[in-house]
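These numbers come from a predicted model, not from an experiment. Whatever order the structure lists ligands and atoms in, that order sets their numbers, starting from 1.
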Amino acid sequence: MKRHILLHPDPRLKKVAEPVDDLSDGLRNLADDMLETMYDAPGIGLAAPQVGVMSRLIVLDCVKSDTEAPRPLVMFNPVVLSSSDDRNVYEEGCLSIPDHYADVERPADVRVGWIDRDGTPQEEDFSGLWATCVQHEIDHLEGKLFIDYLKPLRRQLITRKMVKLKRDQARA
Ligand code: GNR
Ligand code: NI
């Protein structure tokens, strides 16, 4: 089932999400719903707080070419274990801040640990778009958005436009 994606500004997008300690069918079902919602958007990642659930769960699939097989990843309690000194700049977007994009600098390579949907601990190195995306998603679990990396003026401009968009949507 597709879920509704919260739009910035929303207090739930600013809160720290709770660790998952028991993998329930409900949480696995939520992960499936999040993948469906992400692919439908379309997006390359989604964090549980974006669908209003304050649990440390993210999904991602940064395979962008149609010729390559998809690679849906479900991560419970993801953590960045180490980051490269090397930095990368990507133009980021967010499904909770539609139609706004900005360059964000982050570590180019990260090692991430997480619990998979079977409850098995996993560890993997990510680079390129995968590294950017997984850091963007883990930020969501800390109540952090990509616009928080921008200068205050730019961030305020985007937030004001989002307030207007949400007001117009509520009227329609
Ligand atoms: O779909 C998304 N694209 C994207 C592009 C560059 C950097 C990060 C992202 S994540 C975003 C989906 C989203 O909002 N995930 O939280
Ligand atoms: Ni996002």
Mind reading off the angle at the Ni ion (ligand 2) between the SG atom of C94 and the NE2 atom of H140, rounded to 10°?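 Value, to the nearest 10 degrees: 100°.
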Could you tabulate the donor-acceptor pairs under 3.5 Å formed by side-chain atoms of residues 93-104, not counting sequence neighbours?
{"residue": "S96", "atom": "OG", "partner": "L6", "partner atom": "O", "Å": "2.9"}
{"residue": "S96", "atom": "OG", "partner": "Q50", "partner atom": "NE2", "Å": "3.0"}

Decide, yes or no, whether a salt bridge links E137 with R56 under the criterion of side-chain N to carboxylate O below 4.0 Å.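 No, this pair does not count.
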Does the cation-pi check pass for K2 over Y39, that is, NZ or CZ under 6.0 Å from the six-membered ring centre and within 45° of its axis?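 The answer is no; the distance or angle limit is not met.
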Side chain to side chain donor-acceptor pair (under 3.5 Å) contacts in which one or both residues fall within residues 16-30, not counting sequence neighbours: none
Looking at every non-hydrogen atom in both residues, tell me the closest pair between A108 and A131 and how far apart they are.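 So the two residues come closest at O-CB, 3.3 Å.
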Does any pair with a residue in residues 147-158 pass salt bridge (charged side-chain N to carboxylate O under 4.0 Å, His left out), and if so which ones, sequence neighbours excluded?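 Listed once each, the pairs are K14-D148.
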Residues lining ligand 1 [heavy-atom distance under 4.0 Å, listed by chain and residue number]: G43, I44, G45, Q50, E91, E92, G93, C94, L95, T132, H136, E137, H140
